[in-house]
There are 2 protein chains.
Amino acid sequence: MIRLLIADDHPVVRAGLRAVLESEPDFAIVAEAATAERAVELAAEAEVDVVLMDLQFGPGSAMNGAQATAAITARAGAPRVLVVTTYDTDADTLPALEAGATGYLLKDAPPEELAQAVRAAAAGRSALASSVADRLLERMRTPAAALSARETEVLGLVADGLTNQQVSQRLHLSQATVKSHLVHIYTKLGVDSRTAAVREARGRGLIR
Amino acid sequence: MIRLLIADDHPVVRAGLRAVLESEPDFAIVAEAATAERAVELAAEAEVDVVLMDLQFGPGSAMNGAQATAAITARAGAPRVLVVTTYDTDADTLPALEAGATGYLLKDAPPEELAQAVRAAAAGRSALASSVADRLLERMRTPAAALSARETEVLGLVADGLTNQQVSQRLHLSQATVKSHLVHIYTKLGVDSRTAAVREARGRGLIR
DNA sequence: TCCGGCATCAATCAAAAGGTTGAACTCCGC
DNA sequence: GCGGAGTTCAACCTTTTGATTGATGCCGGA
């Protein structure tokens with residue numbers, strides 16, 4: 001019998017996951033959490049094998065699903081965490097997987113796939129949605145080319161449509177510095193304009 | 001007895017709505033649709049009082065929830081359509097309401113609120129999530145200042161970071177025309193730069 | 001029917017922003 | 001302690017933008 005904890009801020013989604021998974025004879029839903037914090041508590045208190053974890057927890061929550069995943073998997077004998085989310089951008093997936101998630105599924109997955117993923121997670125095997133797996137492999141092939149923290153910060157503001165001057169003011173820098181960061185970003189991403197950089201970074205999930 | 005049709009591309013959400021609403025003694029779920037097209041068909045065929053309609057139908061679908069809503073409410077004796085969606089941006093809500101939706105709810109609504117909204121919709125009364133209602137009233141107070149279709153198109157490309165020249169090429173216009181549109185956009189929005197226009201328009205839900 | 005809004009384009013010009021090059025300084029790891 | 005990566009800045013030049021002025025054709029409501 002696989003004991004499950006469902007963590008999602010949407011009552012409808014919780015009910016849906018419960019309905020879909022309860023019909024499996026070898027599953028038992030032992031708890032539900034509407035917040036990330038509560039999920040961490042319950043994962044520690046209750047006897048749970050697999051946590052179904054949403055990533056987005058609404059504006060009212062200080063902790064997100066990735067942080068909760070890290071908190072849960074940090075302790076010994078922790079349950080497996082299976083991330084179940086709506087969107088599959090790199091920006092979401094990688095932190096979650098780095099936080100120790102055993103699998104990553106999309107909410108539009110058919111019920112059978114969900115059940116299979118839960119069984120895989122319970123057995124310690126990883127279960128990734130194919131789109132996520134594809135992107136992970138893609139990521140392996142390309143040598144990373146990660147941006148530095150400052151560069152990411154600059155590019156994030158550029159992506160918001162700010163000009164170099166506005167970015168420099170926001171970050172208390174000179175325009176020269178901002179431009180310099182941008183040049184480095186361009187070379188790292190293999191592009192030669194701010195809009196191309198934003199597009200490329202979005203595609204790679206480097207910025208939200 | 002209120003007869004319901006659930007239209008959502010996510011199996012989990014369909015199951016969740018079913019689970020939440022089935023427990024109400026005066027509700028009967030008579031059909032489910034995984035695509036917008038199927039929802040339109042079923043709304044015409046089956047005896048339905050209220051359609052619970054998602055707005056987003058995934059990349060595999062040509063029709064979105066707002067279009068389906070319009071198609072359903074167009075015919076005589078049509079059921080009421082209650083939009084149930086995840087996000088509440090102006091860009092989403094207004095088309096849906098214009099398409100004839102009786103109500104607009106967010107998926108993070110508590111089950112009781114959902115049930116109340118369904119009863120209101122069945123009775124012909126409108127049911128809006130408070131955040132949506134707030135923005136509608138706000139909209140009433142501000143004298144609209146709507147952008148023309150062409151202006152919206154131009155601003156959308158500008159928001160993607162395109163230069164005037166790129167926009168002109170994409171739209172088969174001269175740069176002069178693009179600039180002309182932008183000037184009009186600026187005066188309508190009360191701003192004086194492209195980035196400010198993008199920010200303002202985003203805030204008002206004029207562009208995605 | 002006439003007027004106003006919309007869409008289209010032209011030309012000019014100063015100011016702003018963007019991109020390039022080069023160069024310090026700091027911090028960290030080898 | 002040397003080298004490289006990251007952060008910061010300056011000077012220079014090119015491109016873009018925004019402001020302005022003005023004009024044409026189309027369409028729909030008063």
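Naming: A, B, ... by sequence-line order, numbering from 1 per chain. All figures in this text were calculated on a predicted structure; none of them were measured in a lab.
Separating the CD atom of Gln165(B) from the P atom of dT15(D) is a distance of 10 Å, rounded to the nearest angstrom. One atom, CG of Asn164(B), and another, C1' of dT15(D), lie 12 Å apart when rounded to the nearest Å. For the pair Ile185(A) CD1 and dG6(D) P, the computed distance is 11 Å after rounding to whole Å. Nucleotide dG22(C) holds its P atom 20 Å from the NE2 atom of His181(A), rounded to whole Å. Separating the CG atom of Leu173(B) from the C1' atom of dT8(C) is a distance of 8 Å, rounded to the nearest angstrom. Atom C1' of nucleotide dC6(C) and atom CD of Glu151(B) are separated by 8 Å, given to the nearest angstrom. With rounding to whole Å, Leu162(B) atom CG is found 15 Å from dG18(C) atom P. The CG-C1' distance, from Leu182(A) to dT8(D), rounds to 14 Å in whole Å.
In the set dT8(C), dA10(D), dA19(D), the nucleotide with an atom closest to the side chain of Ala176(A) is dA10(D). For Asp192(B), counting side-chain heavy atoms from C-beta on, the closest listed nucleotide (dA19(D), dA10(C), dT7(D)) is dA19(D). Side chain of Val183(B), nearest nucleotide from dT20(D), dA17(C), dC9(D): dT20(D). Out of dC9(C), dT20(C), dT8(D), the shortest distance to the side chain of Arg150(A) is found at dT8(D). When each of dG18(D), dG19(C), dC9(D) is scored by its nearest atom to the side-chain atoms of Lys179(B), the top-ranked nucleotide is dG18(D).
Residues Asp8(A) and Arg14(A) are not paired through a salt bridge, judged by the lack of any N-O separation under 4.0 Å between the basic side chain and the carboxylate.
A close approach under 4.0 Å does occur between a side-chain nitrogen or oxygen of Lys188(B) and OP1 or OP2 of dC6(C). Phosphate proximity of dC9(D) to Ser174(A): present, with a side-chain N or O under 4.0 Å from OP1 or OP2. Taking 4.0 angstrom as the limit, Ser148(B) places none of its side-chain polar atoms (N or O) nearer than this to OP1 or OP2 of dG5(C).
To the nearest 0.5 Å, the span separating CD1 on Ile72(A) from CZ on Arg75(A) amounts to 9.5 Å.
At a cut-off of 3.5 angstrom, counting only N and O atoms as typed in the model, there is a donor on one side and an acceptor on the other between the side-chain of Ser180(A) and the base of dT8(D).
At a cut-off of 3.5 Å, with distance as the only test, a side-chain donor of Glu151(B) or Ser148(B) sits close to an acceptor on the other residue. Under 3.5 Å, the side chains of Ser180(B) and Thr177(B) contain no donor-acceptor pair of N or O atoms.
Residue Gln175(A) is out of contact with every strand shown, counting any heavy-atom pair closer than 4.0 Å. Using a 4.0 Å heavy-atom distance criterion, His184(A) is classed as a base contact. Using a 4.0 Å heavy-atom cutoff across all strands shown, Thr163(B) reaches sugar-phosphate atoms only and no base atom.
When all heavy atoms of Glu113(A) and Leu105(A) are compared, the pair lying nearest together is OE2-CD2, 4.2 Å.
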